[in-house]
Protein chains: 2
Amino acid sequence: MVDATSTDDDLDRAFAALADPVRRAIVARLSRGPATVNELAEPFAISKQAVSRHIQVLELAGLVSRTRDAQRRPVHLEAARLEALTAWIDRYRLVREQQYRALDALVEQAHHLTTGAPSAPTKEQS
Amino acid sequence: MVDATSTDDDLDRAFAALADPVRRAIVARLSRGPATVNELAEPFAISKQAVSRHIQVLELAGLVSRTRDAQRRPVHLEAARLEALTAWIDRYRLVREQQYRALDALVEQAHHLTTGAPSAPTKEQS
DNA sequence: GGTGTAATCAACGAATCAGTTGATCAACAG
DNA sequence: CTGTTGATCAACTGATTCGTTGATTACACC
């Protein structure tokens, strides 16, 4: 099992890496198996160098790794880092928000009561 | 019941929003209930205006929403968008990569064979 | 009205990023 | 050795981002 707690820097790089449609497409493509830079660059209307840089960003984020085959450098997806991201999100997505939502309204009311102010009857401004 | 398939732009903004330790800390804090800008700004060594902007980024990403209470603007976490992110990741994290990993080595071998080159005397998979 | 508080807007500088083109490196093939 | 292919490096530009300070809006209390 992978270390569930990534450093801030790890998360920074990983989330930032996925904040780009080209890089997400590369991840999607790699989930179906490894590919070379040329193969990955083909679907896009940008230069091969740009794709190479995108891959480097993904690699620094730990989302992919590169092996070696002669001149080729097949890129592989690193599922572990993806799981680290879901691990982070899962900590907060099962939110106990709903109940607090109602509580928030109560606190608001309480504030008006303690300050003696009448609770505003449907704020409308002009 | 949120649309499980977010647009590229939605994902861009959401992932980018989480690619910052301050904003992630805000999300973490909000998972324990709504808070005002001042409350959210307190733990950080940056100006209140900067935090306000961070919240705006999160809001544009659909990760939080703001209600209204007099001068205060309590910020609430939007769990739905977080789930949209895990939904995207989950599509690729259960990767069939491992099997392709081995296949990759085979393809490499095949390449050497078809080109008549002697393959490295290493790979042996029973 | 006037004061104080919560929050945003506006303008600015420093830093980072995505893309480009041109040169370079490394591994083959002849 | 020469040529070709796969891929990266280097330098440059335009756009975006993060933080700052100063001014401004919106509301509440007196």
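Letters A, B, ... are given to chains in the order of the sequence lines, protein chains preceding strands, and every chain is numbered from 1.
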Write down the distance between CG (Leu40(B)) and C1' (dA6(C)), rounded to a whole number of angstrom.
13 Å
Could you state the CD-C1' distance from Glu42(B) to dA6(C), rounded to the nearest angstrom?
14 Å
Of dA7(D), dA26(C), dC9(C), the nucleotide closest to the side chain of Val37(A) is dA7(D)
Going 5' to 3' through nucleotides 16-21 of chain D and flagging B where a protein heavy-atom sits under 4.0 Å of the base, S where only the sugar-phosphate is that close, and - otherwise, we get --SBBB
A side-chain contact here means heavy atoms from C-beta on lying under 4.5 Å apart; do Asn38(A) and Val51(A) qualify?
no
Of the listed nucleotides dG6(D), dC28(C), dA6(C), the one nearest the side chain of Asn38(B)
dA6(C)
Asp10(B) CG to Asp8(B) CG distance, which is reported to the nearest 0.5 Å
9.0 Å
To the nearest Å, give me how far apart CD (Glu39(B)) and P (dA7(C)) are.
8 Å
Enclosure of Glu39(B) CD (heavy-atom neighbours >12, cutoff 6.0 Å)
yes
Determine, for Asp20(B) against Arg24(B), whether the closest basic-nitrogen to carboxylate-oxygen distance falls under 4.0 angstrom.
no
Grab the CZ-P distance between Arg72(B) and dA26(D) for me, whole Å please.
18 Å
Would you mind reading off the distance between Arg68(A) atom CZ and dC25(C) atom P, rounded to a whole angstrom?
15 Å
For Ala16(B), does its backbone N or O pair with a side-chain atom of Arg23(B) as donor and acceptor, under 3.5 Å?
yes
Using a 4.5 Å cut-off on heavy atoms from C-beta on, say whether the side chain of His76(A) contacts that of Thr67(A).
yes
Nearest whole Å is fine: how far is dC17(C) P from Leu60(A) CG?
10 Å
Rounded to whole angstrom units, what separation is found between the CG atom of Asp12(A) and the C1' atom of dC17(C)?
15 Å
Under 4.0 Å from OP1 or OP2 of dA26(C): is there any side-chain N or O of Arg73(A) that close?
no
